[in-house]
Structure formats: structure tokens, C-alpha cells
Amino acid sequence: MNRRAIVAANWKMNGSLALVNSMASELSKVSLNENVEVVVCPSFPYLAAFSFASSKANLASTFSLGAQNLSEHAKGAFTGEVSTSMLQEVGVSYVIVGHSERRSIYKESSSLVAEKVQAALAAGLKPILCVGESEEQRVSEQTELVLAAQLQPVIDKIGIEKFVDVVVAYEPVWAIGTGKTASPEMAQTTHQFIREFIAKIDENVAVKMPLLYGGSVNATNCEELFAQADIDGGLIGGASLKAEEFKIICSAAKGK
Ligand code: PEP
């Protein structure tokens, strides 16, 4: 099949220059399986520092830098925002878009998320598009409807042929930062739904699309999650701040 695996670290609003330096140096000791890429997404102020620390630690090209957000605008009077060209200038190649914390706390709608995905792709950045249902939506059996409603505006905006450059991260909101992981079977069923949803529009895109699981992944549960047929790695929050644990998670990923 030859689908690459990705392990992405979402530091959220955590970390420090000390963590940037120690993580870059620790990651230089990880041996990754073939066809695996690791993406570290620190906060904006640490992006350039991580880029510098990665060159100093001689990190392989299988390690990339990602941002946690971007502006949908190219430049101008948007105080507090960060553009794609700024991200690229400091060595960023991936960007997380539509994380559930952006959707819920900062009220990012699925149409704004679609604009951000479009802006990222237009600039040559690889978007990691987050989708996922709340606990209430899962209990009321709305999961598939919610996921479809989050994916469709992006497909409508960019066109399915460009979706081949999108990494999708399925993150059930109830599993993020809670220690409640979806069981491997539940995660697989939902990942399969997402891949089939895309396959109904374009089978070729669906086969190639890396589909990550996120939500309380740790050193103990990563292996079983990553072994599922439609799980191609993970988006890791809390556990990505602890070098020893994150290294175990990186080593557990395998391309499919
Ligand atoms: C996340 O923030 O994307 C995430 C998955 O967090 P955690 O691993 O801490 O649940």
C-alpha cells in the first residue's frame, strides 16, 4: 500500500526553550521505522528555536516542524495572527488546523477551518486537519454526522484532488487530555468510516491519506492503536512533552 505514518507532537501552550533544546537532542536518538515522519508543533515563539536546535542536533529529514495554527489571510492588519509565509520562513512544513480547542474555545467554524486548510495548501504547507465528536454527540450516535459535517466544507473548498495533501487527525473530543482513550476497535471503526467517506468521492485519495488518531495516546496504548488497519500514527498532546514517553510512541509507528 505504501502509506506513510506520522507522529505529530502538539505541545499546545506548554514548553520552554529548555524543552525545545532537550527534545531536539533526545529525538536525535530515536530510530524510526521506515516510512515514518515525526512532526513537532511547539508554540509560535519556539518555532525558529526548534528549527535551529534540530540542525544543531542533526535531526534527520524524517523530523519536521509544525505550527499549531495559522491565519487564513496572507498579510495585513490582523493583530496577533501569523501567516503562512512567516511560518515557512522559520522552517515550518506542517500546520495543525481545526484542533477541537480552536473550534470550541476560539469558535472556529468548519468554514473558517476550510479557509485555513486552503491557505496552508496554497502556500505549500501540509495541513493536519483535526476532526472529532464530543461525548454527547457520541452518546447520541451523531459521530458520523459530525465528522461528515467537519470534512465536507474542506472538500468543497479545496476540491478532493487537493485532499491528497491533507493529513486527517481523528480526535474524539472526550479523549483529549482526559486519559480516556478510545478503544483500538472503536478508533478503527471511526477511522474506517472517515476513509470510506473520502473513498466514496475518490478512492485513490482515500488510500493515500494518512489518518492519525489523537486522544490520550501514551507509551502503553500506542502500539495497539497504531496496529489498526486505518490508523497511520497519532497526534499526541500531553505525552509529547515527555521525551522518554514520546520516543516510545515515535518508535511504535509503522508505515502501511
Ligand atoms: C491533542 O491535544 O491533540 C491531544 C491529542 O492531546 P492528548 O494527547 O493530551 O489527549
Side-chain angles (χ1 to χ4, degrees), residues 1 3-12 30 32-33 35-39 41 96-104 110 128-152 166-200 206-242 244-256:
M1 202 183 302
R3 194 164 60 229
R4 75 190 196 284
I6 297 173
V7 178
N10 176 14
W11 284 11
K12 313 194 189 201
V30 181
L32 299 176
N33 288 308
N35 218 3
V36 176
E37 207 176 337
V38 172
V39 184
C41 308
I96 299 172
V97 184
H99 190 277
S100 67
E101 287 149 19
R102 301 288 327 163
R103 291 180 191 261
S104 64
S110 289
I128 300 175
L129 168 66
C130 300
V131 294
E133 80 289 359
S134 66
E135 183 149 42
E136 202 186 346
Q137 289 163 334
R138 175 156 288 269
V139 171
S140 58
E141 299 182 359
Q142 301 289 301
T143 300
E144 294 186 357
L145 276 176
V146 169
L147 296 175
Q150 291 173 340
L151 290 165
Q152 195 62 51
V166 176
V167 177
V168 173
Y170 166 61
E171 299 208 300
V173 178
W174 47 270
I176 298 179
T178 57
K180 281 200 233 170
T181 324
S183 67
E185 297 72 26
M186 186 196 273
Q188 165 55 26
T189 304
T190 314
H191 278 237
Q192 191 177 337
F193 164 77
I194 294 173
R195 204 177 297 285
E196 282 171 1
F197 181 84
I198 301 297
K200 278 189 203 142
V207 168
K208 290 187 190 150
M209 178 182 78
L211 187 39
L212 317 183
Y213 170 78
S216 298
V217 176
N218 58 39
T220 312
N221 60 24
C222 59
E223 196 137 356
E224 214 185 337
L225 283 162
F226 295 170
Q228 304 303 311
D230 286 294
I231 302 186
D232 307 312
L235 179 53
I236 322 294
S240 73
L241 296 162
K242 301 171 212 149
E244 287 314 313
E245 183 156 25
F246 188 57
K247 286 196 290 184
I248 294 171
I249 298 171
C250 292
S251 303
K254 289 185 181 76
K256 295 209 165 75

What do the steps show when you test Glu245 against Asn218 for side-chain contact (heavy atoms from CB on, under 4.5 Å), and what is the final call? CA-CA 7 Å; Glu245 183 156 25; Asn218 58 39; 3.1 Å; yes
Determine, stepwise, if the pair Leu147 / Phe197 fulfils side-chain contact (heavy atoms from CB on, under 4.5 Å). CA-CA 9 Å; Leu147 296 175; Phe197 181 84; over 6 Å; no
Report the C-alpha distance between Gln142 and Ser134 in whole Å, list the side-chain angles of each, state the deciding distance to 0.1 Å, and finish with yes or no for side-chain contact (heavy atoms from CB on, under 4.5 Å). CA-CA 9 Å; Gln142 301 289 301; Ser134 66; over 6 Å; no
Test side-chain contact (heavy atoms from CB on, under 4.5 Å) on Phe246 and Val7; report intermediate values, then the result. CA-CA 9 Å; Phe246 188 57; Val7 178; 3.6 Å; yes
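Using a 4.5 Å cut-off on side-chain heavy atoms (C-beta onward), Cys130 and Gln150 make no contact. Proximity of Thr190 to Tyr213: side-chain heavy atoms (C-beta onward) are nowhere separated by under 4.5 Å. Side chains of Leu151 and Leu129 form a contact here, defined as non-hydrogen atoms less than 4.5 Å apart. No side-chain heavy atom of Val36 sits less than 4.5 Å from a side-chain heavy atom of Cys250. The shortest distance between side-chain heavy atoms of Gln137 and Val173 does not fall below 4.5 Å.
Listed here is the closest heavy atom pair of Ile249 and Ala239: CD1-CB, 3.8 Å. Between Ala9 and Ser240, the closest heavy-atom pair is CB-CB, 3.4 Å. The shortest non-hydrogen separation linking Ala182 to Ala175 is N-CB, 4.4 Å. The two residues Ser110 and Arg103 have their closest heavy-atom pair at OG-NH1, 3.1 Å. Taking every heavy atom of both residues into account, Met209 and Asp232 meet most closely at O-OD2, 3.5 Å. Considering every non-hydrogen atom in both Gly214 and Pro172, the closest pair reads O-CD, 3.3 Å.
Between Trp174 and Glu136, the side chains place no donor N or O within less than 3.5 Å of an acceptor N or O (distance only, hydrogens not considered).
Applying the side-chain hydrogen bond (donor to acceptor under 3.5 Å, both in side chains) test to Asn10 and every residue at least two apart in sequence or in another chain returns His99. Glu185 is linked by a salt bridge (charged side-chain N to carboxylate O under 4.0 Å, His left out) to nothing, counting only residues two or more places apart in sequence or in another chain. Under the side-chain hydrogen bond (donor to acceptor under 3.5 Å, both in side chains) criterion, Glu224 pairs with no residue, sequence neighbours left out. Applying the side-chain hydrogen bond (donor to acceptor under 3.5 Å, both in side chains) rule to Lys254 yields no partners; only residues at least two apart in sequence or on another chain are considered. In this view, Tyr170 and His191 satisfy the ring-ring contact (aromatic ring centres under 6.0 Å, His included) rule, not counting sequence neighbours. Lys12 pairs by the salt bridge (charged side-chain N to carboxylate O under 4.0 Å, His left out) definition with Glu101, not counting sequence neighbours.
Checked for salt-bridge contact, Glu135 and Arg138 miss the test: no charged N lies under 4.0 Å from a carboxylate O.
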